[in-house]
Each structure stands twice: as structure tokens, then as C-alpha cells.
Amino acid sequence: MSTHSSATGSLVLHSARIVDRGEITEDGWVRIEDGLVVGRGTGSDWTPADEVVDAASVAGPGALLTPGFVDIHGHGGAGASFDDGVEAIRTARDLHRAHGTTRAVVSLVTAPLDALALSVATIADLTETDADILGSHLEGPFLDPGHHGAHEPSLLRHPVAADVAALLEAGRGTIRQVTIAPELPGGLDAIRQIVAAGSAAAVGHTDADASMAVAAFEAGASILTHAFNAMPGIHHRAPGPVLAAAADHRVVLEAIADDVHLDPHVVKLVFDSAPGRVALITDAMAAAGSADGHYDLGAVSVTVENGIARADNTGSIAGSTLTQDVALQRAVAAGVVLAEAVRALTETPARAIGRDEALGALQPGMLGDAVLLDAELHVARVWSGPRLLA
């Protein structure tokens with residue numbers, strides 16, 4: 001498995017099943033010049049390029065070409081945590097890029113406000129130097145203590161307007177999403193504040209019932225953070241935030257298809273309930289692509305056994321060890337149609353953070369991010385285009 005830049009010269013990828021925007025094109029080709037998609041078609045009517053890749057000869061019969069995967073919620077990989085600074089972020093990103101994730105939002109767990117402000121400022125700098133970094137995701141500290149998951153409960157706080165503003169300011173427009181429990185004092189106002197600043201507000205780590213979730217979506221929240229996890233489930237007399245999100249066409253539901261966070265039947269249920277509005281995320285922590293053992297996730301000590309991460313003090317699931325290619329394999333195994341599973345890794349997450357004008361599809365004018373997979377959905381090659389301009 002290898003990663004290549006498509007940012008200079010011309011590249012033609014041909015003889016592939018192109019899976020893009022919910023459709024499959026047989027015997028397709030894509031032309032990329034200087035990192036941008038400039039043309040596509042079928043058969044052999046492509047013109048020569050600096051590099052020509054026969055998808056079928058590289059990845060075998062049934063080779064698939066998809067847009068680059070976009071992960072809007074992940075915490076690390078390859079033994080490195082996104083909370084630990086620039087080199088750790090790059091180490092983890094190298095791992096996930098090799099598994100098809102050409103662009104990622106860097107998710108941060110709950111920490112003291114000053115530390116979070118420093119982290120989002122560092123990530124803002126990275127968006128200017130590292131083409132694959134889309135910005136940051138604050139998964140705390142404005143979370144419900146009763147649904148803290150792998151977040152340190154003593155660091156959780158209510159969303160005071162000044163604190164929210166300080167974090168948004170530190171991110172200089174690069175905070176892509178903020179997860180918040182809307183029922184906290186000031187929660188709905190904070191959602192309005194986050195959205196007004198150009199970030200997506202996400203409902204998560206919450207005790208919200210359906211009506212509170214609806215109020216949050218009316219206030220502008222547009223993402224449900226890892227659906228079903230760290231929130232009330234579906235009861236026949238208390239439908240909870242998942243059904244409220246599924247019923248609202250404005251809301252994207254994150255799903256972790258690792259067969260640990262969600263049973264495969266529930267993965268299929270999420271796709272069926274919210275067609276075109278599922279984002280397959282990894283929520284990966286440092287142990288993704290690494291060995292079982294002990295890790296730190298922010299202020300929380302975590303043990304990974306058999307690839308399952310749990311917080312030492314509470315036993316809560318503490319992120320995943322997932323990569324997006326495996327999420328694709330598991331979603332398809334759960335019965336999700338291939339084209340819809342790919343959409344959930346590409347177009348939908350890009351749209352959820354407002355970057356679908358350039359990411360998530362292999363269409364002329366889009367960035368030349370592409371993943372070549374074999375018929376069993378294993379990554380053969382990855383190409384990534386230039387930096388996404390703000």
C-alpha cells in the first residue's frame with residue numbers, strides 16, 4: 001500500500017469501477033493535472049499523461065477507484081495521539097493516509113481551556129503547511145458528565161460564552177466542529193455562537209431527549225457525534241437524539257462501523273434511517289494500526305485488548321482502533337450498498353464540515369484525492385492533491 005502526491009504533473013487512472021456520489025461507473029477513467037481532477041470518462045478515450053495507471057493491473061479485476069476518504073472525527077493512530085502536538089499528528093496521519101484517508105479533521109479530547117486553545121492554534125498553523133489537515137474538532141469540554149465516555153470528568157464544564165469565544169478565536173476559523181451537550185446551561189446559545197463563527201455544532205456526549213435534540217438542531221447543530229454512543233438510545237416511548245437526527249434532513253449522523261461501537265445491524269439501520277446523511281468516522285485513538293497495550297487519551301489512561309480500547313477507570317469504550325478502509329469493509333459486510341458506504345466516507349463528511357466544493361468526489365474541478373481498492377476493498381494505492389485553500 002503506497003501513497004502518492006497528485007499535486008504536480010498529469011495522471012490518468014483507467015480501467016476502474018469508479019464509485020462516486022452514490023453511483024458506480026464501469027470501466028472508468030479519471031485525469032488529474034497538478035492535483036486537480038480535470039476530466040473523466042469511460043473506456044479508452046483518455047489522452048496520454050506523465051503517469052498512467054491501469055487500475056486493473058495494479059489492483060486486479062474489479063478494481064475500484066473512489067474519492068479520497070475524509071475523516072471528520074479521529075484522535076490518532078500508529079501509537080501517536082493528536083493531542084500531543086505536530087509530530088504526533090503527522091505520525092498518526094501517515095498511518096491513516098495509507099488506509100485511504102487523504103484528509104482529516106484533528107479531534108481533541110477534553111483538556112483545560114488553555115491547553116485546548118494552544119492545540120487548536122497549532123492545528124490552525126498546520127492547515128497552512130500540511131495539505132491533509134482540514135482543521136480541528138473540539139470533542140470537549142462542553143459535555144454531559146453522565147456521558148463522559150473517555151473524557152476526564154473533572155475537566156468538563158458548562159459552555160460559557162466567553163470560553164466558547166476564546167476557543168473559536170484561537171482556532172482562527174479552522175475549528176470545523178464542536179461537540180456539545182445541548183442540555184447544559186447555555187448549551188443552545190453556545191450552538192448558535194459556534195454556528196455563527198462558521199463551525200459545525202455537533203450534538204454528543206449528551207443526556208438530551210428527542211425534544212432537546214430537536215431544539216439543538218433548530219439552533220443550528222448539524223452533526224450527531226458517533227450516533228448511539230454516549231447518548232440515550234432508542235426506546236419505543238423515548239426516541240432520543242438518534243431518531244431526532246435521522247428525521248432532520250439537515251443533520252449528518254456520524255457512525256463508527258467497527259462492530260464494537262455499533263452492531264452491524266445498527267450500522268445498517270443508521271444508513272436506512274438517514275440515507276445520504278451518514279459519515280463513517282474512525283474515532284480512532286493512538287492504538288489504531290498499533291499493538292494492544294496501555295495508552296493515554298488526553299487525561300484518561302486506556303487499555304487496548306484485542307483491538308478494543310477501554311478507559312482504565314470506568315471501562316467506557318475509549319475511541320476505536322479503526323481505519324476508514326476497514327470501516328468501508330464492515331459497512332458493506334453489514335449490508336450497506338457499496339456506493340452508499342463510499343459516499344459516507346467521502347461526499348457526506350466533506351459536506352458536514354462545509355468542504356464539499358473541493359472534496360468528496362472525482363469530478364472536474366475537485367481536488368485530486370483518490371483511493372484505488374481491490375475487489376475485497378483493500379487499499380492498493382492512494383493519491384492526494386494540493387492544499388485546500390480556506
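Taking a cutoff of 4.0 Å between a charged side-chain nitrogen and a carboxylate oxygen, Asp130 and Arg93 do not qualify as a salt bridge.
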Should Glu218 and Arg250 be marked as a salt bridge (charged side-chain N to carboxylate O under 4.0 Å, His left out) after you check the CA-CA gap, both sets of side-chain angles, and the distance that decides it? CA-CA 10 Å; Glu218 289 299 325; Arg250 300 168 295 184; 3.1 Å; yes

Show the numbers, then the answer: is there a side-chain contact (heavy atoms from CB on, under 4.5 Å) between His147 and Asp207? CA-CA 7 Å; His147 291 84; Asp207 197 38; 3.2 Å; yes

Hey, mind stepping through Thr282 and His99 against side-chain contact (heavy atoms from CB on, under 4.5 Å) and telling me if it holds? CA-CA 11 Å; Thr282 63; His99 289 273; over 6 Å; no

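Looking at Ser320 and Asp283, their side chains never bring a donor and an acceptor atom within 3.5 Å of each other. Between the side chains of Thr179 and Thr225, at least one donor-acceptor pair of N or O atoms lies under 3.5 Å.
The distance from the CD1 atom of Ile175 to the CG atom of Leu138 is 4.5 Å, given to the nearest 0.5 Å. Note that the CG atom of Asp258 and the CG atom of Leu280 stand 10.5 Å from one another [nearest 0.5 Å]. Distance check: Arg176 CZ to Ser107 OG gives 13.0 Å after rounding to the nearest 0.5 Å. We find the CG-CG distance between Leu113 and Asp163 to be 4.5 Å, quoted to the nearest 0.5 Å.
Placement of Val332 and Leu262 within a single hydrophobic cluster is found when ILVMFWY residues are connected by side-chain heavy-atom separations under 4.5 Å, directly or transitively. The cluster map of Ile, Leu, Val, Met, Phe, Trp and Tyr, joined by side-chain heavy atoms under 4.5 Å apart, puts Met366 and Ile32 in different clusters. Phe217 and Val195 fall into different hydrophobic clusters, defined by Ile, Leu, Val, Met, Phe, Trp and Tyr side-chain heavy atoms under 4.5 Å apart, directly or through other members.
Within a 6.0 Å radius of CD in Glu26, other residues, nucleotides and ligands contribute more than 12 heavy atoms. Around CD of Gln363, the count of heavy atoms belonging to other residues, nucleotides or ligands within 6.0 Å exceeds 12.
In plain terms, the two heavy atoms of Gly100 and Val371 that are nearest each other are O-CG2, 3.4 Å.
A donor-acceptor pair is defined here as one N or O able to donate and one able to accept, closer than 3.5 Å; such a pair exists between the side chain of Asp50 and the backbone of Ser10.
The ring pair (Phe, Tyr, Trp, His ring centres under 6.0 Å) check on His73 picks up His75, His137, His226, with sequence neighbours excluded.
Of the options Leu359, Val106, Asp71, a side chain to side chain contact (heavy atoms under 4.5 Å, CB included) to Leu134 is made by Leu359 and by none of the others.
Within the 4.5 Å cutoff, the side chain of His261 has no heavy atoms near those of the Leu322 side chain. Residues Leu338 and Leu377 meet the side-chain proximity criterion, which asks for heavy atoms closer than 4.5 Å. Contact annotation: the side chain of Asp325 never approaches that of His378 to less than 4.5 Å [non-hydrogen atoms, C-beta and beyond].
Applying the under-4.5 Å side-chain rule to Ile, Leu, Val, Met, Phe, Trp and Tyr, the cluster around Ile317 extends to Val260, Ile308.
Applying the side-chain hydrogen bond (donor to acceptor under 3.5 Å, both in side chains) rule to pairs touching residues 364-373 yields Thr102-Asp369, Arg103-Asp369, sequence neighbours excluded.
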